[in-house]
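Scroll down for the structure; my scribbles are underneath it.
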Number of protein chains: 2
Amino acid sequence: MQYVKIKDSIVEQIEAGMLCPRQKLPAERKLAESFDTTRVTLREALSLLEAEGRIYREDRRGWFISPEPLCYDPTLTVNFSTMAQAQNRIPKTQLLTAKSTLANKQAARLLGLQPFSDIYCIDRVRYLDDRPVAYVTSYIRPDIFPNLLDFDFSDSLTDVYREHFSVRYQKTRYRIVTSTLMGEMAQALRTTSGTPAMVIERINYDQNGAQVSCDIEYWRHDAISIESVAEFAQ
Amino acid sequence: MQYVKIKDSIVEQIEAGMLCPRQKLPAERKLAESFDTTRVTLREALSLLEAEGRIYREDRRGWFISPEPLCYDPTLTVNFSTMAQAQNRIPKTQLLTAKSTLANKQAARLLGLQPFSDIYCIDRVRYLDDRPVAYVTSYIRPDIFPNLLDFDFSDSLTDVYREHFSVRYQKTRYRIVTSTLMGEMAQALRTTSGTPAMVIERINYDQNGAQVSCDIEYWRHDAISIESVAEFAQ
DNA sequence: GAGTGGTCTAGACCACGGA
DNA sequence: CCGTGGTCTAGACCACTCA
C-alpha cells in the first residue's frame with residue numbers, strides 16, 4: 001500500500017509546518033518522481049489527502065494545503081458574513097442568478113408545495129479569504145416575500161427578510177449528508193466533478209410556523225466543521 | 001469525461017429500481033467490458049458513486065448498492081439501538097476492546113484532562129441489518145464511573161450510566177467533519193483504507209455540568225443522514 | 001482453484017493556465 | 001508556448017474470497 005505511505009509522508013510534512021495553508025504542492029509529475037512512483041499511484045495518495053480534508057484542488061491549477069475549516073453552528077441564526085468575521089475570516093458572496101420560476105421536484109419536496117408553484121430561486125457562491133467554499137441555492141415563497149427580487153440580497157437574505165418583510169426565522173429543520181460537487185457547482189467552486197462535499201439542506205419557518213424558504217448548501221468538505229451544543233430536557 | 005457518463009448510467013439503473021439496496025454489482029472486469037473501457041476508468045466511476053453515497057464497497061468482496069441512510073439527530077439522547085429500531089432497522093453492537101488506560105492526546109483534549117490521566121477506553125462497532133456502519137471509541141472518566149468495566153455496557157453505555165451511577169446527560173457538545181476510514185477502523189468496517197467517513201465527536205456533560213465522557217464515531221458516510229430541528233430565541 | 005478486487009506500471013493525448 | 005492537470009489505455013501481479 002504505497003499510496004498510504006506517500007500520503008503519510010505528506011501529512012508529516014504538513015504537520016511539521018513545512019507546508020502552509022493555501023500553499024501549492026509541487027507538480028504531480030515532480031511529486032511522483034520524488035516518491036519514485038507513477039502519476040496514477042501518486043494521484044491515489046492525493047485523493048486520500050483530499051478525502052481527509054487536508055488538501056484541496058483547483059481545477060487545472062493544482063493541489064493546495066487546506067486552511068482551518070470554518071466552524072458552523074446550524075442551531076444559530078447568524079448569517080454567513082457575521083459567522084466568518086467572528087472567526088477572523090474574510091467573507092464574500094457572489095450572486096450567480098436570481099429568478100422567478102416554477103418549483104422543481106426538490107423545491108416542492110422541501111417546501112411542501114404543489115409542483116409548478118411559483119417560486120424564487122437564488123444561486124450564490126460563498127467565499128472565505130477569496131477561496132470559493134460553498135454553492136448555495138435558495139428557494140423562496142413569493143407569496144410571503146412579494147417583489148423580493150427588487151431588493152439587494154446579494155449578501156444576506158435574512159437581513160432583507162427582517163428589514164423589509166418583518167420575517168424572522170423561528171425554527172429551521174436541517175439535514176446534513178455528504179455527496180460530491182458536480183457540473184456547474186464544481187465549476188463555480190473552481191474544482192472538478194467528484195470533489196467531496198458536505199450538503200446542508202435547511203427548511204426555514206417563520207414566526208407563524210409557516211415554511212417560507214429553504215437553502216441547499218454544497219460546501220467543499222474541508223472548508224467546514226459543524227459544531228454545536230445540545231441541551232437535554234431532564 | 002467518460003467516467004461521469006458511466007456513473008450516470010449506473011445511477012439511472014439504480015433509480016429505475018433495477019438494482020436493489022445491498023445488491024452486489026457485477027465484477028469490475030465485466031462492468032468495464034460492458035462500458036467498453038478499462039478497469040481504471042471504471043473504478044473512477046465507482047469511486048464517484050461511492051463519494052455520492054450511492055454504493056459502498058466491502059474489501060475484496062465487491063461493490064454494493066447503499067441502503068437508505070439512518071436518520072441521526074445529535075440533539076437527542078436516544079441510544080443507537082432505540083434509534084435504529086424506531087426506523088425499522090436491526091441494530092447490533094460488537095464490543096472490540098474495553099480497557100483502563102492513560103489518556104492519549106485526543107482524550108485529554110476532548111475531556112480537558114492532564115495528559116496521562118487514568119481513563120477508560122471502549123471500542124465498539126455498530127451494525128445495521130448486519131452491515132457494519134460505525135466504529136465508536138468512547139473515553140470515560142473513571143472518577144465518575146468507578147469500576148465501569150465490571151458492568152455489561154456492550155449495548156448501551158448510557159443505560160449503565162443511568163441505572164448504576166444515576167448519571168444522565170445534561171448536554172452534549174458535538175462536532176461533525178468528514179474524513180476517511182484508515183487501518184483497523186477500515187478493517188473493522190470490512191472496507192479499505194480511504195473509504196469516506198463522517199466523523200462525529202461528542203463531549204458529554206452530566207447534570208452537574210462536568211465533562212464525564214466523550215465519543216468519537218466514525219460512520220461509513222453513506223450510512224447516515226444528520227437531521228434535526230433548531231428553534232430560535234426571538 | 002477460478003475469479004475477484006487491490007494495487008501498481010509506463011506510457012499517451014488533450015485542453016487549459018500562466019508566463 | 002511550455003508545463004500542468006484531467007483523462008484514458010492496456011496491461012501486470014498478488015492476496016484474498018468463495019464455491
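Just so we're on the same page: letters track the sequence lines, and every chain starts at 1.
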Polar side-chain atom of [X] near backbone of [Y] as donor-acceptor pair, under 3.5 Å:
| X | Y | value |
| --- | --- | --- |
| Thr195(B) | Thr191(B) | no |
| Thr41(A) | Thr38(A) | no |
| Arg124(B) | Leu96(B) | no |
| Glu12(B) | Ser9(B) | no |

**Request:** Any chance you could lay out the side-chain contact (heavy atoms from CB on, under 4.5 Å) test for Ile226(A) and Met198(A), step after step, and finish with the verdict?
**Result:** CA-CA 10 Å; Ile226(A) 313 282; Met198(A) 185 93 96; 4.0 Å; yes
Does Asp59(B) or Arg29(A) map to a spot on DNA chain D nearer the 5' end, using the closest nucleotide for each?
->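 Final value for this comparison: Arg29(A).
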Q) When we call it a touch if two heavy atoms are under 4.0 Å apart, what does Arg60(A) touch: a base, just sugar-phosphate, or nothing? A)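 Arg60(A): base contact, heavy atoms under 4.0 Å.
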Can the ring centroids of Trp219(B) and Tyr135(B) be said to lie less than 6.0 angstrom from one another?
->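 Ring centres of Tyr135(B) and Trp219(B) not closer than 6.0 Å.
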First locate atom CZ of Arg22(A), then atom CG of Asp129(A), and finally report the distance between them rounded to the nearest 0.5 Å.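 Between atom CZ of Arg22(A) and atom CG of Asp129(A) there are 6.0 Å.
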Practice prompt. Verify the contact: side-chain N or O of Lys30(B) to OP1 or OP2 of dG3(C), cut-off strictly under 4.0 Å; return yes or no.
Written response: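 No, because none of the side-chain N or O atoms of Lys30(B) sits under 4.0 Å from OP1 or OP2 of dG3(C).
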- What is the distance, rounded to the nearest whole Å, between atom CZ of Arg190(A) and atom P of dC16(C)?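 One finds 17 Å between P of dC16(C) and CZ of Arg190(A), rounded.
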Rounded to whole angstrom units, what separation is found between the CD atom of Glu58(A) and the P atom of dC16(C)?
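It is 17 Å, rounded to the nearest whole Å.
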task: Would you kindly compare Glu28(B) and Met1(A) by the position of their nearest DNA chain C nucleotide and give the one closer to the 5′ end?
output: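 It is Glu28(B), whose closest nucleotide lies nearer the 5' terminus.
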task = Measure the shortest side-chain to side-chain distance between Pro67(B) and Arg131(B) over non-hydrogen atoms and say whether it is less than 4.5 angstrom.
result =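 Result yes, sub-4.5 Å side-chain heavy-atom pair found.
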Listed in order of residue number, which residues of residues 35-46 of chain A have a non-hydrogen atom at under 4.0 Å from DNA chain C?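 By residue number: Thr37(A), Thr38(A), Arg39(A), Val40(A), Thr41(A).
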**Message:** Reading DNA chain D from 5' to 3', where do the contacts with chain B start and stop? Cut-off is 4.0 Å to heavy atoms.
**Reply:**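 Listed 5' to 3', the contact boundaries are dT7(D) to dC18(D).
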